[in-house]
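Some notes on the structure that comes next.
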Amino acid sequence: MSNDQSPEQSNEGLEQQMVDLAEVEDAKLSETHQSYSQNQLIRRRFFGHIPAMISLVVVTIITVTAFTSVGYGIIPGWWPHPFRLPQGAELVNGGEPTMFDDGRIFGPHPFGQDSLPRDIFARVMRGTQQSLIIGVVVALVSSVMGILIGAVAGYFRGKIEAVLMTLTDFVIVVPLLVIAAILGQFVSGMPFPPFPLAIVLGIVSWTGMARLVRAEVLSLREKEYVSAAVAMGASPWRIIRKHMLPNAVGVIIVNASFTVAAVILLESTLSYLGMGVQPPEVSLGMLVSEGEVAINTRPHLFWIPGIFILIIVLCVNFIGDGLRDAFDPHQQRKGERRPGLRQALGFRGTSMAQSRQAGQLGLDTAGRTGSSLATDSTDPKANIFRFRRKK
Amino acid sequence: MLKYILKRFARLFLVLFGASVLSYALIVHSGDPLEDLRESTDADAEFQMETRAEQLNLMLPWTDQYYLPWYERYWDWLTGVLGCLDPTGAILSRCSFGETVNGGDVTAQIANAAEISLRLVLIATLLAIIIGVLTGIVSAMRQYSFFDFAMSFLMFLFWSLPIFWAAVIAKEYLAIEFNDWMADPHFSQSTILIVAAILTVTVPMIFGGSARRRVAIGATMFVYTATVMPLLDHMHFMEQPRLGTGFIIVGSVVLALGLTALLAGLQNRQVLISGLITAALGVASYFLTWDLIRGAQSYLLPVALFALAIAVSVLVGRVFGGYAKGQATAVTTLSGILISLMIMLDHYMYTWPQLLSAKPRPVRTIGATSPNLGTDDFWVVSLDQLSQLWLPTLVMMLVSLATYTRYTRSSMLEVVQQDFIRTARAKGVNERTVVLKHAFRNAMIPLATIVAFDFAGLIGGAIVVERVFGWNSMGTMFVTGLENVDPAPVMAVILFTGGIAVLFNFIADILYAVLDPRIRV
């Protein structure tokens, strides 16, 4: 188009030129830094998120300890005391925690004993197991339901969407705790605790996920590749499965991880009120309510399970935050670069002056898009824009 | 738009109706209401069972003369509740929320509980919004500063806090510590030093600026705290607190000046004059209404005066605002509200010694009010309610604070990147106007929806907190009702929380339409 005389030859030349250009750029780029796939980028961002990493380690340690120490089902654990009242148990140290006591690191009952006397460490570990199981099962149930209903509602709209919106209104109208307590009371006598409770909680907590997936699907269905897939005769099921859900996976994973945290809180609240996990099974919320009775004589009975709930929920929330930053670096990339320690402590003025002296400021702003991709902005070669301008 | 909102309002009511049917069925089938009597060894257990069966229309092993299926029981309940919409009682049946298994009148209980719970939830929400939004703005303005990191961590911590655990800590430790301290309220040297050190570190972080400015602010804060706290101690402030005339005058003027500086800039004479006039009116009203307010018998008088103060403030803003009417009205209204609150605070402070003499340990850990106060003076009763209220409010506020802070922070950061902010800066608008007028307003529009959603969760939290603090209120009604398989009190709680949530959604929708002209279809 640009050249009337010999369009083909010129086009060829242009193409060749473009290929050369691309190769040169590629070489320049790979000289300074590696390129990553989308998944690699997400993984790198997630593993670079320090609070999320610390939380991941803590949650792993807690999970492994909780499941191996008192065992699960028929699998025995390494901890000598059971979480139920053992025969011939005797009170050691007046029920006080033996941890860091008398020069011992753990002692026989590191978290102490209650008045029966049952070992609190075993009970807390068992409660942690229950909390984690409920959190994960609820997140699974509510995610599956939410994804299915949200995707169908967003894709087909019409009646299903109306039903979904009504159910969302239901959540606004009836507090989650209220409906969960009623359902918790309803299933309290069922066998295989805590699974009936977990499933019931999943059934009431899927609307958040459904709304998010619906919103995502609504925006995705306007994309050209969906129209192309429709034109090629793909079935709605295939479009949802192959084109929409993979694009919504970030939203789904992030929301599921926050659901785990919210549900652990919800379950412990229900158990505290006596409407969640029922004795003889143990739950952290129940332990807090048992400990509250003796708060003046044995405060550790109240503090330890509560701190465990707090730590687990906090860590899961941090992991969710890390996942969100990894999947959606939108906010990270905007604004200023993540600062070093000195800037964070409030000496930004000083460090800005220093960087201005070094003549880096202009490059810093130009290289802003690359901040989370570890662009080395001090190296002028790394700047793609500059390279193009020269050409 | 009005049609849309009304439609939504109607739909929410329909949903509430559906929820009530579903909940009723679930509650009725969630257990055996006669369980305790079946296991009872009382001689008249059978008689008790008959009474209860008659009351709840249950099936007995030997007779079904009382039995009604759950939908008929629901219908009875519904007609009773619908009667409340009709105050004359002519068309529908008598207003009744039913009776508990023990024969208690749920209508009276829920009326009492509604007042207490609403007070708790509204104050907590309001405080959480104000503090959360302010923290969020400061965090966003100082993105990636130490303040931002510290606040982010704290908000995560509050977000992860199990509300019942926090409530128990507040009840068993904070309340008792406070009571013990009030027995002999003196700041020790170390307390003063610790408070001074905390303020010295945190206040400069909020203000920001150059290193020199931070050091100066920190030093000022340290000196200020280290002189004021011993002074207050010397004045026996904790036993006989007063703001005093001087503080009210200075405070009003400073408020007017500060709000003017924040919202319009001190060089804007019109706004400054309106603000100062409001301050003068506020101080004058402090003296003029003192006796009137002291004689108050109920909340009616203070609330009416408050409304009057707001009306006068708006009027001052409109009249003296000149070309800057909008800004002037904002400044005068805000100063009017804040000065009124300051005056109220002084009245409460004036009542404090009276309360202390009636109740030497000011925070009871059980109940929403204290019995046997020995006086029915409005101010003492009201202050007693407040002293019972502050710990539950604190707990609920902390738990819902995170939502607002995190939302405001991310929303502000998002908006600040928009093109219209750059345009505003480019045309020379100063930073204050950019942040408050261009960024903040646009960032806050979806907050209305967040409040509506958060509110439902907060009411759930209120049930737990009230239960922990032993208030004879919603929490107790709900939990004991559910344990006894007794539908009437549980349904009353559901209806109340649901009704409030519907109402709040309605308000939120209207606010949304007012704030965002785009959705006015």
Side-chain angles (χ1 to χ4, degrees), chain A residues 51 165-167 169-183 185-189 261 265 268-269 272-275 284-285 288-289 292 295-296 299 302 305-306 309-318 321 330-331 334-339 343-350, chain B residues 8 11-12 14-16 18-19 23 26-27 29-31 143-149 153 156-157 159-165 168-169 172 204-205 208-211 214 410 413-414 416-417 452-453 456-457 459-461 463-464 467-468 478-479 482-483 485 490 493-494 497-498 501-502 505:
Chain A
M165 293 321 283
T166 312
L167 285 169
D169 285 343
F170 192 92
V171 176
I172 297 179
V173 166
V174 185
L176 187 59
L177 181 81
V178 170
I179 191 76
I182 293 173
L183 284 168
Q185 188 77 356
F186 194 75
V187 299
S188 59
L265 275 185
S268 59
T269 311
Y272 173 80
L273 293 176
M275 272 139 207
L284 289 176
V288 170
S289 106
E292 190 196 342
I295 193 163
N296 291 320
F302 163 78
I309 303 176
L310 183 61
I311 290 178
I312 294 171
V313 176
L314 187 65
C315 288
V316 175
N317 273 333
F318 269 128
D321 194 47
H330 204 55
Q331 224 161 65
K334 280 178 174 176
E336 295 167 50
R337 290 158 55 90
R338 221 173 226 289
Q343 279 164 302
L345 285 176
F347 299 102
R348 189 185 289 149
T350 325
Chain B
R8 203 175 134 69
R11 201 174 67 172
L12 283 178
L14 274 183
V15 170
L16 184 58
S23 322
L26 283 171
I27 298 162
H29 293 108
S30 69
Q143 191 191 7
Y144 296 143
S145 66
F146 185 77
F147 178 81
D148 185 24
F149 285 131
F153 182 78
F156 261 104
L157 198 70
W159 193 25
S160 314
L161 210 57
I163 191 166
F164 56 95
W165 193 64
V168 174
I169 292 176
E172 297 287 344
M205 271 182 212
S210 65
R214 280 155 196 265
S410 63
L413 287 177
E414 191 108 334
V416 162
Q417 299 299 319
F453 258 98
I459 279 201
I463 291 178
V464 182
R467 173 86 176 154
V468 172
F478 180 74
V479 176
L482 210 50
E483 273 165 4
V485 200
V490 182
V493 171
I494 290 180
T497 55
V502 170
N505 252 276

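Just so it is clear: chains get the letters A, B, ... in the order the sequence lines come, proteins before strands, and each one is counted from 1. All values below come from the heavy atoms of this structure, side chains included, with hydrogens, waters and symmetry mates left out.
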Worksheet entry | Option in B/Val416, B/Leu12, B/Asp148 with maximal non-hydrogen atom pairs under 4.5 Å from chain A |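 If we count pairs closer than 4.5 Å to chain A, B/Leu12 comes out on top.
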Worksheet item: With chain A, which of B/Val15, B/Val468, B/Leu16 has the greatest number of heavy-atom pairs at distances under 4.5 Å?
Response: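 Greatest number of close heavy-atom pairs with chain A: B/Val15.
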Fill in: Contact summary for A/Leu273 and B/Glu483, nearest pair of heavy atoms
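Result for this residue pair: O-OE2, 4.0 Å.
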Discussion item. To check you understand the geometry: which heavy-atom pair defines the closest contact between B/Pro162 and A/Gly306, and what is its length?
Written reply: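 The answer is CG-O, 4.5 Å.
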Quick one: what part of [X] sits under 4.5 Å from any heavy atom of chain B, side chain, backbone, both or neither?
{"X": "A/Leu183", "value": "side chain"}
{"X": "A/Val178", "value": "both"}
{"X": "A/Leu176", "value": "neither"}
{"X": "A/Ala181", "value": "both"}

Given side chains that start at C-beta, do those of [X] and [Y] come closer than 4.5 Å, heavy atoms only?
{"X": "A/Val313", "Y": "B/Trp159", "answer": "no"}
{"X": "A/Ile309", "Y": "B/Phe164", "answer": "yes"}
{"X": "A/Leu310", "Y": "B/Leu161", "answer": "yes"}
{"X": "B/Val479", "Y": "A/Met275", "answer": "yes"}
{"X": "A/Ile182", "Y": "B/Ile494", "answer": "yes"}

Which atoms of [X] come close to chain A, meaning under 4.5 Å heavy atom to heavy atom: side chain ones, backbone ones, both, or neither?
{"X": "B/Ile169", "answer": "both"}
{"X": "B/Leu157", "answer": "both"}
{"X": "B/Ile27", "answer": "both"}
{"X": "B/Val502", "answer": "side chain"}

Worksheet item: Which residues satisfy the side chain to side chain donor-acceptor pair (under 3.5 Å) test with B/Ser160, sequence neighbours excluded?
Response: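 B/Ser160 satisfies side chain to side chain donor-acceptor pair (under 3.5 Å) with A/Asn317 once adjacent residues are dropped.
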Practice prompt. Just jot down the side chain to side chain donor-acceptor pair (under 3.5 Å) partners of A/Glu292, sequence neighbours excluded, or say none.
Written response: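 Expected list: A/Tyr272.
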Between chain B and each of [options], count heavy-atom pairs under 4.5 Å; write down the option with the most.
{"options": "A/Leu284, A/Val174, A/Asp321", "answer": "A/Asp321"}
{"options": "A/Ile312, A/Val288, A/Thr269", "answer": "A/Thr269"}
{"options": "A/Val173, A/Val187, A/Leu177", "answer": "A/Val173"}

Worksheet entry | Gap separating the CG atom of B/Leu14 from the OG1 atom of A/Thr166, nearest 0.5 angstrom |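 The CG atom of B/Leu14 sits 9.5 Å away from the OG1 atom of A/Thr166.
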